Amino acid sequence: MVVKVYGPAYGSSKRVLVCLVEKGIDFETVPVDLIKGDLKQPDFLALQPFGVVPVIQDGEYTLYESRAIIRYYAEKYKSQGSDLLGKTIEERGVVEQWVEVEAHNYHPPIYNLTVHILFASKLGFPADEKLIKESEEKIGKVLDIYEERLSKSKYLAGDFFSLADLSHLPFTQRLVSEMGKEYMIRDRKHVSAWWDDISSRPSWNKVKHLQ
Amino acid sequence: MALKLYGAPMSTGTTRVMIALHEKDLDFELVPVDLFAGEQKEPPFLSKNPFGLIPALEDGDLTLFESRAITAYVAEKHNETGTDLIRHRDLKESALVKVWKEVESQQYDPAISPIVYQHVVAPIRGQSPDQAIIDANVEKLGKVLDIYEARLSESKYLSGDFYSLADLHHLPFTYYFMKTPYASLINERPHVKAWWEDISSRPAFKKVAEGMTFGDL
């Protein structure tokens, strides 16, 4: 059964796609256009009532929320492809911790930057410069803590690549490329080495340009 | 070895974990962190969570922070005791627990937490509530609750006909929210109201709610 993933161009969907590649799960993509309002159409809302990407269909399963989907596949196919959850319940706990850090500390400001730097003009509202500045400061503080953490372990949850690192890929890619803020990563030695490592994985190279 | 939970009995993150520990019938020691003195931003606590936020759990050699990570860890480690909060025996049910946990985390929490913050926490800190922030989030929360209403007309709980972490995670913020003038957002939606009455009357939550006093509320 091939997993159908909606909205491959968007960051949250890429979080799911890179996980599927790491696990060796076949997928097909269905493009949706956020700017044209595809997400608010009845067909899409029937799949994903909140009107956001991603949503996946896998046989009789329709699932949404990217971090729920990656946990599902990482658990279901634990022994296939890369192990993204750690070997013990304790390691899994630490993976969960850093996935939550990404979701609650890193994502909100980087999402604000993405919306206001890359999408404001396309969506027809003015970029909020104050919010951009505050968001960059918040990301800087989070990256300072990552720098400390990554000086002690190669990856966020320990010495193994996990969902916690994977979850950072899509929006950090936008930060260093389209948003022109690579210095935020490069100014921090261990964060910089971590970024080079995780962003050079074959899975990410396969997924990052999917439209 | 008994679990140690560092936190405060009125904190939403701390209580989220406490409710889960009670559902699992686990003994734990609550080690108070004095938020008003800023203890969570000082070195002893920062070694447990560098982000300076409560709670943190110590289980033997392991220290974990982020309330939703802690509840997931506890529910998995002790999946055979107390209430099964992750439906670990059924792949489909456990997938839906994951989905609705994330809905809480990504859709519900960002809308409800600013309302509670502005209404409850700001006055304690001597700030006046920002009505524009409240209004924008009341509108956002209303839209989220419309989807909950539809969902809860089909199943008793968010992930299906069973109580799980997905429901449990809503308790702390909703409890404070129900003491604000915006509680009608819940009460005017019959299925959401019935769900709230059900989950907030569970003994594990009632035990924790006793300590959830905040200012005049």
Side-chain angles (χ1 to χ4, degrees), chain A residues 12 15 45-46 48-52 54-56 58-77 85-86 88-108 111-112 138 141-142 144-149 152 157 163-164, chain B residues 13 16 46-53 56-57 59-79 86 88 91-92 94-111 113 140 143-144 146-151 154 159 165-166 169:
Chain A
S12 301
R15 189 177 285 123
L45 290 174
Q48 211 300 4
F50 296 91
V52 291
V55 57
I56 65 116
D58 182 355
E60 55 163 330
Y61 282 57
T62 300
L63 301 175
Y64 44 85
E65 283 293 342
S66 60
R67 297 174 193 83
I69 300 168
I70 62 176
R71 283 171 169 121
Y72 169 71
Y73 283 110
E75 214 171 280
K76 183 176 177 188
Y77 299 100
L85 293 173
T88 61
I89 286 177
E90 287 72 22
E91 284 183 358
R92 168 83 194 259
V94 179
V95 171
E96 287 290 338
Q97 169 184 294
W98 287 98
V99 172
E100 290 295 324
V101 166
E102 185 279 327
H104 292 280
N105 296 69
Y106 190 74
H107 185 75
Y111 178 77
N112 282 338
K138 280 185 191 167
K141 284 182 186 162
V142 174
D144 286 343
I145 294 170
Y146 285 14
E147 178 66 9
E148 174 68 20
R149 170 71 186 167
K152 292 176 193 144
L163 288 184
Chain B
R16 189 174 288 124
L46 286 179
S47 69
K48 302 186 199 313
N49 179 359
F51 292 91
L53 298 168
L57 179 81
D59 183 6
D61 294 338
L62 180 71
T63 304
L64 285 181
F65 54 90
E66 283 290 340
S67 61
R68 296 172 186 83
I70 299 172
T71 60
Y73 164 75
V74 167
E76 187 178 328
K77 181 168 176 184
H78 302 279
N79 61 14
I86 51 174
H88 65 284
L91 194 61
K92 187 159 197 183
S94 89
L96 289 172
V97 172
K98 291 175 175 70
V99 168
W100 286 93
K101 265 168 63 180
E102 285 301 308
V103 168
E104 183 279 327
S105 168
Q106 296 295 318
Q107 305 289 337
Y108 189 81
D109 184 88
S113 63
K140 225 163 100 178
K143 287 182 183 161
V144 172
D146 284 342
I147 298 165
Y148 279 34
E149 180 65 11
R151 172 71 190 164
E154 292 162 3
S159 303
L165 281 185
H169 285 179

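This one's a predicted model, so the numbers in the text were calculated from it and none came from an experiment.
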Among the options A/Val99, A/Asn105, A/Ile69, A/Val52, pick out the one with the most heavy-atom pairs lying under 4.5 Å from chain B.
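Going by pairs under 4.5 Å, I would pick A/Asn105.
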Could you tell me which of A/Arg92, A/His104, A/Glu75 has the largest number of non-hydrogen atom pairs under 4.5 Å with chain B?
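Of A/Arg92, A/His104, A/Glu75, A/His104 has the most heavy-atom pairs under 4.5 Å with chain B.
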Taking side chain as C-beta onward, heavy atoms only, is [X] less than 4.5 Å from [Y]?
X	Y	result
B/Lys143	A/Phe50	no
A/Val94	B/Tyr73	no
B/Gln107	A/Glu65	yes

Distance from B/Ile70 atom CD1 to A/Glu96 atom CD, nearest 0.5 Å?
11.5 Å
How long is the span from the CD1 atom in A/Ile70 to the CD atom in B/Glu102, to the nearest 0.5 Å?
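Here the interatomic distance stands at 8.0 Å.
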Answer with side chain, backbone, both or neither: which region of [X] has an atom nearer than 4.5 Å to a non-hydrogen atom of chain A?
X	result
B/Ser67	neither
B/Leu64	both
B/Ala72	side chain
B/Leu62	side chain
B/Lys77	both

Salt bridge (Lys or Arg N to Asp or Glu O under 4.0 Å) partners of B/Lys92, counting only residues at least two apart
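So B/Lys92 forms a salt bridge (Lys or Arg N to Asp or Glu O under 4.0 Å) with A/Glu60.
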For [X] versus [Y], what's the shortest heavy-atom pair and its separation?
X	Y	answer
B/Glu76	A/Ile89	OE2-CG1, 3.9 Å
B/Val99	A/Tyr64	CG2-O, 3.5 Å
B/Ala69	A/Gly93	CB-O, 4.5 Å
A/Ala68	B/Lys98	CB-O, 3.2 Å

Most heavy-atom pairs under 4.5 angstrom with chain A, which of B/Gln106, B/Lys101, B/Glu66, B/Arg151?
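Top count of heavy-atom pairs under 4.5 Å with chain A: B/Glu66.
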A/Tyr146, part contacting chain B, at a heavy-atom distance under 4.5 Å:
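For A/Tyr146, the side chain is the part near chain B, not the backbone.
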Using the side chain to side chain donor-acceptor pair (under 3.5 Å) criterion, which residues pair with B/Asp109? Sequence neighbours excluded.
B/Arg68
